[in-house]
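To start, the structure under review is shown below, and the notes come after it.
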Amino acid sequence: MKIFLDCLPCMLKQVLEATRMSTDDTQTQEEILMEAINILSEYKNYSCSPDLALAMHKTVKRHTGNNDPYEAVKQKDISAALKIYPKLKDFLKQKNNSLYWALKIAATGNIIDSAIYSNIDVEECVETELEKEFGLCDLEAFETKLKTAKTLLIIGDNSGETVFDKVLIEHLSPMLNMKYAVRSEPILNDATAKEACQSGLDEHVDIISSGSNAPGTILEKCNSTFIKLFNEADIIISKGQGNYEALSDCSRDIFFLLKAKCPMISKRFGVNLSDYVFIEHK
């Protein structure tokens, strides 16, 4: 997929945010920003938005020595999500079409994305967002695949979202052998194995590192273990917009589960901005 030009200002904002989290030194901040702008100006040299974002955030780590600028943010997000986890379970119990709503709960976790939504009231926001239906949902195709599937690979996204994914995993776990893939090292507020375990996912699913250290699963950067699973899994669910941007041109079937956060993504799916999407990519 080509890089969406609409995403470029957001990427620069994220670099500034990460820089301010890492250092108070204004000269260092300026150096990082100027280098990031230079990288941004060469966006055509990168394969996708996550690849470009990775290059920009490496400047933050190199100049500040902080390998995980979003660590405190991730801990806050996980803590907030765990507090409302019982409400998520209760919400699902009240719904008739439990598979649809388990998927929707997992998609709703995408709002806990501190790279875009800052200082949100998680509980209040979740209560509002949970009841919203999908703008696009290939549930029937998913149900058909579930009838014969034995293995499911979920590719995770942000750290707080892992708590929401746990609800979906618990719903599907009696039926499938599941793996949950995370980033190989910290990038933005995305989940690594550390955050996935803090959410309690390791009690329900095998957690693996994809090998990708970008804010999206760039297959060329992934390790051989992940690639084998990616090729052999009966079903793949890819979470979030970054993973979509990295994987939308791949040749295998994937179910993308996300919130359309930018105009170009919503236009591509034919949905409204901020709609939830669960779509089968063939």
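All values below come from the heavy atoms of this structure, side chains included, with hydrogens, waters and symmetry mates left out.
R183 places a side-chain N or O within 3.5 Å of a backbone atom of A214 that can act as its donor or acceptor partner. Judged by distance alone, with hydrogens and angles left aside, the side-chain atoms of K166 form a donor-acceptor pair with the main-chain N or O of S199 at under 3.5 Å. Under a 3.5 Å cut-off, the side chain of S98 and the backbone N or O of A102 do not form any donor-acceptor pair. Between the side chain of Q29 and the backbone N or O of T23, at least one donor-acceptor pair lies under 3.5 Å. A donor-acceptor pair under 3.5 Å is formed between the side chain of S159 and the backbone N or O of N189. Listed for the N66 side chain is no donor-acceptor partner under 3.5 Å among the backbone atoms of S22.
Crowding of K95 atom NZ: a count of heavy atoms from other residues, nucleotides or ligands under 6.0 Å exceeding 12. In this structure, E127 places its CD atom where more than 12 heavy-atom neighbours from other residues, nucleotides or ligands lie under 6.0 Å away. Atom NZ of K89 has more than 12 heavy atoms from other residues, nucleotides or ligands within 6.0 Å. For CG of D24, the number of neighbouring non-hydrogen atoms (other residues, nucleotides, ligands) closer than 6.0 Å is 12 at most.
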query: What's the verdict on side-chain contact (heavy atoms from CB on, under 4.5 Å) for F134 and V271, showing C-alpha distance, side-chain angles and the deciding distance?
result: CA-CA 10 Å; F134 281 104; V271 299; over 6 Å; no

message: Does D25 form a salt bridge (charged side-chain N to carboxylate O under 4.0 Å, His left out) with R20? I'd like the steps, not just the answer.
response: CA-CA 9 Å; D25 185 78; R20 288 174 172 169; over 6 Å; no

Criterion ring-ring contact (aromatic ring centres under 6.0 Å, His included) on Y100 and F278, from CA distance to verdict: CA-CA 10 Å; Y100 176 95; F278 181 59; 9.2 Å; no

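Ion pairing of K261 with D275 is absent here, as no side-chain N (NZ or NE/NH1/NH2) approaches a carboxylate O to less than 4.0 Å. Contact check on E161 versus K259 returns no salt bridge, with no Lys/Arg side-chain nitrogen under 4.0 Å from an Asp/Glu carboxylate oxygen. Salt bridge absent: K74 and E71 never bring a charged side-chain N and a carboxylate O closer than 4.0 Å.
Residue pairs that meet the ring-ring contact (aromatic ring centres under 6.0 Å, His included) test with at least one member in residues 163-198, sequence neighbours left out, do not exist here.
Both M56 and I37 are assigned to one and the same hydrophobic cluster, defined by single-linkage of ILVMFWY side chains at heavy-atom distances under 4.5 Å. Transitive grouping of hydrophobic side chains (ILVMFWY, heavy atoms separated by less than 4.5 Å) keeps I279 and L273 in distinct clusters. Following chains of ILVMFWY side-chain contacts shorter than 4.5 Å, one can reach I154 starting from L88, so the two form part of one hydrophobic cluster. In this structure, I218 is not a member of the same hydrophobic cluster as F256, with clusters built from ILVMFWY side-chain heavy atoms closer than 4.5 Å.
Applying the salt bridge (charged side-chain N to carboxylate O under 4.0 Å, His left out) rule to E232 yields the partners K228; only residues at least two apart in sequence or on another chain are considered. Judged as a salt bridge (charged side-chain N to carboxylate O under 4.0 Å, His left out), and not counting sequence neighbours, K58 has no contacts.
Residues F91 and I84 are not in side-chain contact: their nearest non-hydrogen atoms beyond the backbone lie 4.5 Å or more apart. Side-chain contact between L176 and D234 is absent, with no heavy-atom pair separated by less than 4.5 Å. Within the 4.5 Å cutoff, no side-chain heavy atoms of H281 are placed close to those of S238. Residues L33 and T19 form no side-chain contact, since every pair of their non-hydrogen atoms from C-beta on lies 4.5 Å or further apart. Proximity of D157 to L258: side-chain heavy atoms (C-beta onward) are nowhere separated by under 4.5 Å. You'll find the side chain of L219 reaches within 4.5 Å of the side chain of C250, heavy atoms only. Contact annotation: the side chain of D190 approaches that of P215 to within less than 4.5 Å [non-hydrogen atoms, C-beta and beyond].
Under a cutoff of 6.0 Å and an axis angle of 45°, K104 and Y276 form a cation-pi pair.
A side-chain N or O of S49 and one of E245 form a donor-acceptor pair less than 3.5 Å apart. For the residue pair E195 / T192, a side-chain donor-acceptor distance below 3.5 Å is found, with atom types taken as modelled. Between the side chains of N243 and T217, at least one donor-acceptor pair of N or O atoms lies under 3.5 Å.
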